[in-house]
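Bear in mind that the values here come from a model prediction, so they are computed numbers and not experimental data. Values below: all heavy atoms of this structure, side chains included; hydrogens, waters and symmetry mates excluded.
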Amino acid sequence: MGDVSQDPPPPSEPPALPPYAERVLDVAELIPPGRVMTYGDIAEWLEQGGPRQVGRVMALYGSAVPWWRVVRSDGALLPGHERRALERYRAEGTPLREARRTAGAPGVAARLDMRRARWDGATGDAPHS
């Protein structure tokens, strides 16, 4: 048993994204500033999975894309990320509406105006009016 020196293992590369996750993130990157798509919209666009699967992809891998543009269908801001998302929505001119506040409820009192903010995926879609 002599002195055996070994080269250190090569740096590991991050694991490859699952193909479905890559497709979800590709769609998220297509959404224009000031517009949003729901989790269900993306699943429908891809013709695969559903809102929960898209939500899972966004939770695991979405930080590399404009995550604030992938939203719940009711227009509620993402719990735990309301303030950061709201800053981005305001900077991009995303249509918002005041939400009704429950007496004594803390937090952000805004929701996305889904009628005006929702993007249908049409290339070259004009921004909201």
Side-chain angles (χ1 to χ4, degrees):
M1 306 241 176
D3 183 16
V4 179
S5 67
Q6 294 180 356
D7 291 331
S12 63
E13 292 187 24
L17 283 175
Y20 183 72
E22 195 166 329
R23 293 178 66 212
V24 167
L25 298 179
D26 287 346
V27 174
E29 289 181 323
L30 294 175
I31 304 168
R35 304 305 293 267
V36 299
M37 286 182 93
T38 68
Y39 300 112
D41 291 340
I42 291 179
E44 186 176 321
W45 168 294
L46 295 174
E47 298 179 345
Q48 185 180 7
R52 289 178 188 246
Q53 288 81 9
V54 172
R56 182 72 176 149
V57 167
M58 293 303 296
L60 293 173
Y61 309 108
S63 64
V65 298
W67 55 267
W68 60 95
R69 296 182 194 152
V70 182
V71 301
R72 293 172 34 166
S73 62
D74 65 0
L77 305 186
L78 184 62
H81 302 280
E82 299 94 342
R83 294 200 190 287
R84 288 187 330 163
L86 192 56
E87 288 171 8
R88 289 181 164 104
Y89 296 139
R90 288 182 174 148
E92 293 183 355
T94 308
L96 299 168
R97 62 183 177 85
E98 279 299 308
R100 292 185 192 153
R101 252 190 222 254
T102 315
V108 179
R111 279 176 129 37
L112 291 159
D113 183 339
M114 293 301 291
R115 185 180 56 77
R116 294 175 44 222
R118 199 171 200 166
W119 186 57
D120 66 4
T123 306
D125 190 31
H128 51 82
S129 14

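Side-chain contact check for Leu30 versus Met37: every heavy-atom pair is 4.5 Å or farther apart. Taking 4.5 Å as the limit, some side-chain heavy atom of Leu112 sits within range of a side-chain heavy atom of Leu77. For the pair Leu96/Leu86, a side-chain contact is recorded, criterion being any heavy-atom separation below 4.5 Å from C-beta on.
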Considering only distance and modelled atom types, tabulate donor-acceptor pairs under 3.5 Å from the side chains of residues 60-67, sequence neighbours left out.
none

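Take Gln48 and apply the side chain to side chain donor-acceptor pair (under 3.5 Å) test, not counting sequence neighbours, and it matches Arg23. Partners of Asp113 according to the side chain to side chain donor-acceptor pair (under 3.5 Å) rule, which considers only residues two or more places apart in sequence or in another chain, are Arg116. Glu44 is linked by a side-chain contact (heavy atoms from CB on, under 4.5 Å) to nothing, counting only residues two or more places apart in sequence or in another chain.
Between the CH2 atom of Trp68 and the CD1 atom of Ile31 there is a distance of 10.5 Å, given to the nearest 0.5 Å.
Distance alone, capped at 3.5 Å, places no donor-acceptor pair between the Glu87 side chain and the Arg84 backbone.
Gly34 approaches Thr94 most closely through the heavy-atom pair CA-OG1, 3.3 Å. Nearest heavy-atom pair across Gly49 and Tyr20 is CA-OH, 3.7 Å.
Counting only residues at least two apart or on different chains, the salt bridge (charged side-chain N to carboxylate O under 4.0 Å, His left out) pairs with a member in residues 51-72 are Arg69-Glu92, Arg72-Asp74.
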